[in-house]
Amino acid sequence: MATEGPATRRVQVAEHPRLLKLKEMFNSKFGSIPKFYVRAPGRVNIIGEHIDYCGYSVLPMAIEQDMLIAVEPVKTQTLQLANTNPLYLDFSTSANNIQIDKTKPLWHNYFLCGFKGIQEHFGLSSLTGMNCLVDGNIPPSSGLSSSSALVCCAGLVTLTVLGMNLSKVELAEICAKSERYIGTEGGGMDQSISFLAEEGTAKLIEFSPLRATDVKLPSGAIFVIANSCVEMNKAATSHFNIRVMECRLAAKLLAKYRGLQWDKVLRLEEVQAKLGVSLEEMLQITEDTLHPEPYSPEEVCRCLGISLQELRTQILSPNIQDVLTFKLYQRAKHVYSEAARVLQFKKICEEAPDNMVQLLGELMNQSHASCRDMYECSCPEVDQLVDICRKFGAQGSRLTGAGWGGCTVSIVPADKLPSFLANVHEAYYQRSDQDFTFEKQSLFATKPGGGALVFLEA
């Protein structure tokens, strides 16, 4: 239940090779044994891209790849973080003076986000120190939410060290808010599914208030993740935050034209709710109200009746002051159409018609076209990978995650899976012009996994 906290399981560490290896590495690093372990999974978003921060429902599932942290609370007030991956350097800081540098999305800053979020939620000025060893097997910057999984894992680590209790929903909301310390203006999908996931089912995640509903996926199809191997870090680029701001400006212009109190409006969903109309009607209103040509900051100001100074200080976030054009029509069209596709996807899963896999695939294909053309968050390699997946048997394929690189997700009839994997591997990963190394993590079938957990040694 979402009202309960994450489960705690007693395990025989010796029977779990990954836990055992982590325990041994922890011992050689810190000269002691972990008191407990925490896992938080990554996720694949099946449909509903870039709409959670606009207030709309999304449809992800957790994957088995996760962040795993071995933890030992210590008497000093020092937080010592280490990573099993030598590319990620050790870090230590005072537990009472957490500074998160927004200019550098270094791995330890994501841990600090979760730590600080829990600290601030309980209003604690001093916190106990701890030694932590992090082991992640989610490919980084791939759109499978490795960074949010680390934030969630750190939040649950901190909560467990404090001996406090929170529900999964409260944890998800705290971690979604605290990830913004790193500078990304995300919604809450990634943190919500990391805590609310259950094995065997995808989830429709709704916001305000946060809740999750089971969505039974078709039994005759497999979801396959393929990594384009183009890395994109949300916190390191402004693309993501510009899209958030374009959606906010579109919402304000639509609200103003429809006679609503536009200055209070932040999300496109609020416009729909205040007007009391359907998503289809919102698409028509967008068509009638906004023009396809990009808006300049000056035109936005004229439309809203405000000065450039007011736009910069009251609406635009600090890191996108220099943007010269905003594509408001395209972004709103994507958001309203994608929100409708999510609801159609859930309805098809519930009704389970004979051609269910084909229908779901068509929605995924429409989603990718909208992400590519209206939201402009794809890239040539991802588009090529989507085409290859469709060519070799996927009924539908689309980018997943923020985009600009990262992964695709495809729906593949179960009987076509072996040939699909072999052909995609050959066509994309064994090309002569590729400049990346193929890893097992690059192409894999996945099924809905469970959510965040605490492990105690039995």
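What you see below is based on every heavy atom in this structure, not just the backbone, and it leaves out hydrogens, waters and symmetry mates.
Other residues, nucleotides and ligands contribute at most 12 non-hydrogen atoms within 6.0 Å of the CZ atom of Arg9. No more than 12 heavy atoms of other residues, nucleotides or ligands shown are found within 6.0 angstrom of CD on Glu199. Counting non-hydrogen atoms of neighbouring residues, nucleotides and ligands closer than 6.0 angstrom, the NZ atom of Lys177 reaches no more than 12 such neighbours.
Residues Arg398 and Glu49 approach most closely at NH2-OE1, 2.6 Å, considering heavy atoms. Closest approach of Ala221 to Val357, counting heavy atoms only: CB-CG2, 3.8 Å. Summarising the geometry of Met67 relative to Gly136, their closest heavy-atom pair is SD-CA, 3.7 Å, with the distance given to 0.1 Å. When all heavy atoms are compared, the tightest approach of Thr78 to Ser92 is CG2-CB, 4.3 Å. Closest of all the heavy-atom pairs between Val151 and Cys175 is CG1-O, 3.8 Å. The heavy-atom pair separating Leu328 from Ala250 by the smallest distance is O-CB, 3.8 Å.
At a threshold of 4.5 Å between non-hydrogen side-chain atoms, the residues Leu253 and Thr289 do not count as touching. Taking the side chain as every heavy atom from C-beta outward, Ile46 and Phe345 approach each other to under 4.5 Å. You'll find the side chain of Leu385 reaches within 4.5 Å of the side chain of Val424, heavy atoms only. When side chains are defined from C-beta on, Leu144 does not count as touching Gln65, because their heavy atoms never get closer than 4.5 Å. When side chains are defined from C-beta on, Tyr329 counts as touching Glu287, because their heavy atoms get closer than 4.5 Å. Inter-residue side-chain proximity for Leu124 and Leu162 is flagged as met; some heavy-atom pair is nearer than 4.5 Å. Side-chain contact between Pro218 and Ile411 is present, with at least one heavy-atom pair separated by less than 4.5 Å.
Scanning for side chain to side chain contact (heavy atoms under 4.5 Å, CB included) contacts around Asn97 gives Ser94, Gln99, with sequence neighbours left out. In this structure Tyr295 satisfies the ring pair (Phe, Tyr, Trp, His ring centres under 6.0 Å) test together with His291, sequence neighbours excluded. For Arg390, the side-chain hydrogen bond (donor to acceptor under 3.5 Å, both in side chains) partners two or more places apart in sequence, or in a different chain, are Asn365. Scored by the ring pair (Phe, Tyr, Trp, His ring centres under 6.0 Å) test, Tyr53 finds His50, Phe240 as partners (sequence neighbours excluded). Under the rule for a ring pair (Phe, Tyr, Trp, His ring centres under 6.0 Å), the partners of Phe91 that lie at least two apart in sequence or sit in another chain are His108.
Counting only distance, with no hydrogens or angles, the side chain of Glu362 and the backbone of Leu359 share no donor-acceptor pair below 3.5 Å. Of the possible polar contacts, one joining the Asn45 side chain to the Gly48 backbone as a donor-acceptor pair under 3.5 Å is found. The backbone N or O of Arg267 lies less than 3.5 Å from a partner atom in the side chain of Glu270, making a donor-acceptor pair. Remark: the backbone N or O of Gly451 is paired with a side-chain donor or acceptor of Arg39 at under 3.5 angstrom. A donor-acceptor pair is defined here as one N or O able to donate and one able to accept, closer than 3.5 Å; such a pair exists between the side chain of His368 and the backbone of Leu399. In terms of modelled atom types and a separation under 3.5 Å, the side chain of Glu338 and the main chain of Ile51 share no donor-acceptor contact. Between the side chain of Asn137 and the backbone N or O of Asp66 there is at least one donor-acceptor pair closer than 3.5 Å. In this structure, the side chain of Thr408 does not engage the main chain of Ser397 through any donor-acceptor pair within 3.5 Å. At least one donor-acceptor pair closer than 3.5 Å links the side chain of Ser228 to the backbone N or O of Val230. Judged by distance alone, with hydrogens and angles left aside, the side-chain atoms of Lys333 form no donor-acceptor pair with the main-chain N or O of Leu283 at under 3.5 Å.
Of the inter-residue distances, the one linking Ser194 atom OG with Leu150 atom CG reads 10.5 Å to the nearest 0.5 angstrom. Considering CZ of Phe195 and OG of Ser148, their distance stands at 10.5 Å, rounded to 0.5 Å.
No salt bridge links Arg372 with Asp383; every basic N to acidic carboxylate O contact stays at or beyond 4.0 Å. A salt bridge is absent between Asp263 and Lys252; no separation between the charged side-chain nitrogens and carboxylate oxygens falls under 4.0 Å. Between Glu246 and Arg243, at least one side-chain nitrogen of the basic residue sits less than 4.0 Å from a carboxylate oxygen of the acidic one, meeting the salt-bridge criterion. Using a 4.0 Å cut-off between charged nitrogen and carboxylate oxygen, Lys327 and Glu376 count as a salt-bridge pair. A salt bridge links Glu350 with Lys346: the distance from a Lys NZ or Arg NE/NH1/NH2 to an Asp or Glu carboxylate oxygen falls below 4.0 Å.
Residue pairs meeting the side-chain hydrogen bond (donor to acceptor under 3.5 Å, both in side chains) criterion with at least one partner in residues 204-216, sequence neighbours excluded, are Lys203-Asp214, Glu206-Arg211.
Geometrically, Lys116 engages Tyr181 in a cation-pi contact defined by less than 6.0 Å to the ring centre and at most 45° from the axis.
Judged by distance alone, the side chains of Ser296 and Glu299 never bring a donor and an acceptor atom under 3.5 Å apart.
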